[in-house]
There are 2 protein chains.
Amino acid sequence: MIVLLLYSRELKLKYGIMDILMQSVRIEINEKLYLKDPESSSLGKKIVEESIHMIVELGFDHFTFKKLGAKINSNESSIYRYFENKQKLLLYLAAWYWGWMEYRMVFATHSISDSKEKLEKAIEVLTQNVEEDNAFSHINEIVLNQLIINEYSNSYLVKEVYKENKGKKDDYFTICKRLVARLSEMITAVDKKYPYPLSLASTIVEGSLHQHFLKEHFPTLTNCNDKINPTDFFTDLIFRTLNQKN
Amino acid sequence: MIVLLLYSRELKLKYGIMDILMQSVRIEINEKLYLKDPESSSLGKKIVEESIHMIVELGFDHFTFKKLGAKINSNESSIYRYFENKQKLLLYLAAWYWGWMEYRMVFATHSISDSKEKLEKAIEVLTQNVEEDNAFSHINEIVLNQLIINEYSNSYLVKEVYKENKGKKDDYFTICKRLVARLSEMITAVDKKYPYPLSLASTIVEGSLHQHFLKEHFPTLTNCNDKINPTDFFTDLIFRTLNQKN
DNA sequence: CGAATATAATAGTAATACTATCATTTACTA
DNA sequence: TAGTAAATGATAGTATTACTATTATATTCG
């Protein structure tokens, strides 16, 4: 869930309302993903902040707590007090990412009453490349977006997750599930008769990451490039699909 | 490429033509993926055969050459003579899988002249769950299909691949690229004006794996289940999308 | 100021991902 | 059929990883 704090009138005047909101948004994350809340200390924040850069740089496989400790002038053992292991840290980052995406999607679509427009906006938010960091949170969203594009599958392919937590596995993905459910509802609002709203929603969410990945690493497998982006492709796809006159 | 050997008339009578073809099909795999061709010896075949089962059982992360050696009554060091490391072995298996899919797709669609029918058949072959093993090759295709569903992303997310092989990285995926290109052409044949045939093709190919994965591990994120399968979803999606009358 | 708490430093363990060496079996050839 | 090359097996060894445990040193807070 998202927690909003109240800010003074002065602050609201100084920054825009969106910025204020961003500043005060806190993305709530499943407690089982950490041992000690990284938001509760400056070391914790540094761990999260720097791990994002490091995973993007080295790839998840070559990322270790020891290397991270060295980089932030801290110690391996200290990092272990925040996260059980690096898989949990990755899941934490993924949860944060989905929470943030959900927040942006809900925020951007909330005031739109036309269902088509609403869905269009949602797709835009979900499939766009993140190009601006809100600069309030310690998390660099641009780099985090890159991380998720590169490693997203790791975050749910780690067999640990669903072996360790039989029955509870879904907990880790509550946010992502909620996001897909919301998108699915928007699809249904546009076309009540469409029979696969959930599959279409999950295809948009993960297909978008995939197209971004292809664009970067295997450009011959996609039409996306500097000019055409995944948003164009998916917007076109969804509106061709819904409300057919057959 | 696919190599066909010639068989005697007797054999052709004994088995059907498809079976014969299957028996004589050999999927050619990039030589850089192995040190010694595993098809060239019984040990090599055992390595490939048993590794598939083991990776599905343990998950790729917990799979090791030592464990595999124990299982096939061979030695870690012997396996290293066939494959540089387990990542390469996974890439080998993925290459085999895509080669086999391409073969099935080409075979199944070759004689169809109507472009819609052709595309429909291709989608069917690519998105269906593999339920029958051809029983000729030593590779169990049902289990391999399961492996690819579980671990496919590993096979191209391993940073090694595109760090080690800058510029050459695509080589490992030639077959997959060719498959997507063929599918893309079939899409264009149905609708010459459709602007994203490559993206649509890659979305089908990887989206199908993803839907199979969700069906199994996160059923609330998909409409696919025992009755509805990814083939239904994608067939519907593609034919709604192409040849709109707008 | 003292006590709790957080962090750092160090050491140690078991597993992994290899490499190297040498012994043995098998296959092939003169 | 002996003799040799090639394939495989057995064993050992190394560096790295993913931790756990222990103890020492800061830092914070009542």
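Below, chain A is the first sequence line, B the second, and so on; all start at residue 1. This is a predicted model, so every value here is computed, not measured.
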Going by an N to O cut-off under 4.0 Å, is there a salt bridge joining [X] and [Y]?
| X | Y | answer |
| --- | --- | --- |
| Asp37(B) | Arg26(B) | yes |
| Arg81(A) | Glu76(A) | no |
| Lys46(A) | Glu50(A) | no |

Round to a whole Å and report the spacing from [atom1] of [X] to [atom2] of [N].
| X | N | atom1 | atom2 | result |
| --- | --- | --- | --- | --- |
| Phe65(B) | dG9(D) | CZ | C1' | 17 Å |
| Asp61(A) | dA18(D) | CG | C1' | 14 Å |
| Ile72(B) | dA7(D) | CD1 | C1' | 14 Å |
| Ile79(B) | dA10(D) | CD1 | P | 12 Å |
| Phe60(A) | dT17(D) | CZ | C1' | 13 Å |
| Lys66(B) | dA17(C) | NZ | P | 11 Å |
| Asp37(A) | dA6(C) | CG | P | 13 Å |

Respond yes when some side-chain nitrogen or oxygen of [X] is under 4.0 Å from OP1 or OP2 of [N], and no when none is.
| X | N | value |
| --- | --- | --- |
| Lys36(B) | dT8(D) | yes |
| Asn75(A) | dT7(C) | no |
| Ser78(B) | dG9(D) | yes |

Modelled atom types, side-chain donor and acceptor of Thr231(B) and Gln128(B), under 3.5 Å: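 Side-chain D/A pair, Thr231(B) to Gln128(B): absent.
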Nucleotides 19-30 of chain D: protein proximity per nucleotide (B base, S sugar-phosphate only, - neither; heavy atom, under 4.0 Å): BBB---------
Aromatic ring pairing Tyr97(A)/Trp100(A), orientation class (parallel under 30°, perpendicular over 60°, tilted between):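 Aromatic pair Tyr97(A)/Trp100(A) classed tilted.
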Plane angle bin for Phe218(A) and Phe173(B) - parallel if under 30°, tilted between 30 and 60°, otherwise perpendicular: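 Perpendicular, since the angle between the ring planes exceeds 60°.
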Sidechain-backbone polar pair: Ser184(B) side chain, Val180(B) backbone, donor-acceptor under 3.5 Å: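 Not at all, since once roles are kept as given, no pair shorter than 3.5 Å links the two residues.
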Interface residues of residues 38-52 of chain A with DNA chain C (non-hydrogen, below 4.0 angstrom):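 Residues of residues 38-52 of chain A that come under 4.0 Å of DNA chain C are, in numerical order, Ser41(A), Leu43(A).
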Atom NZ of Lys66(B) with >12 non-hydrogen neighbours under 6.0 angstrom: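 Result for NZ/Lys66(B): open.
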Sugar-phosphate, base or nothing in reach of Tyr82(A), heavy atoms under 4.0 Å: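 Since only primed, P, OP1 and OP2 atoms lie under 4.0 Å of Tyr82(A), the category is sugar-phosphate.
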Minimum heavy-atom distance Ile79(A)-Phe65(A), with the two atoms named: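 Smallest interatomic distance, heavy atoms only, reads CD1-O, 3.4 Å.
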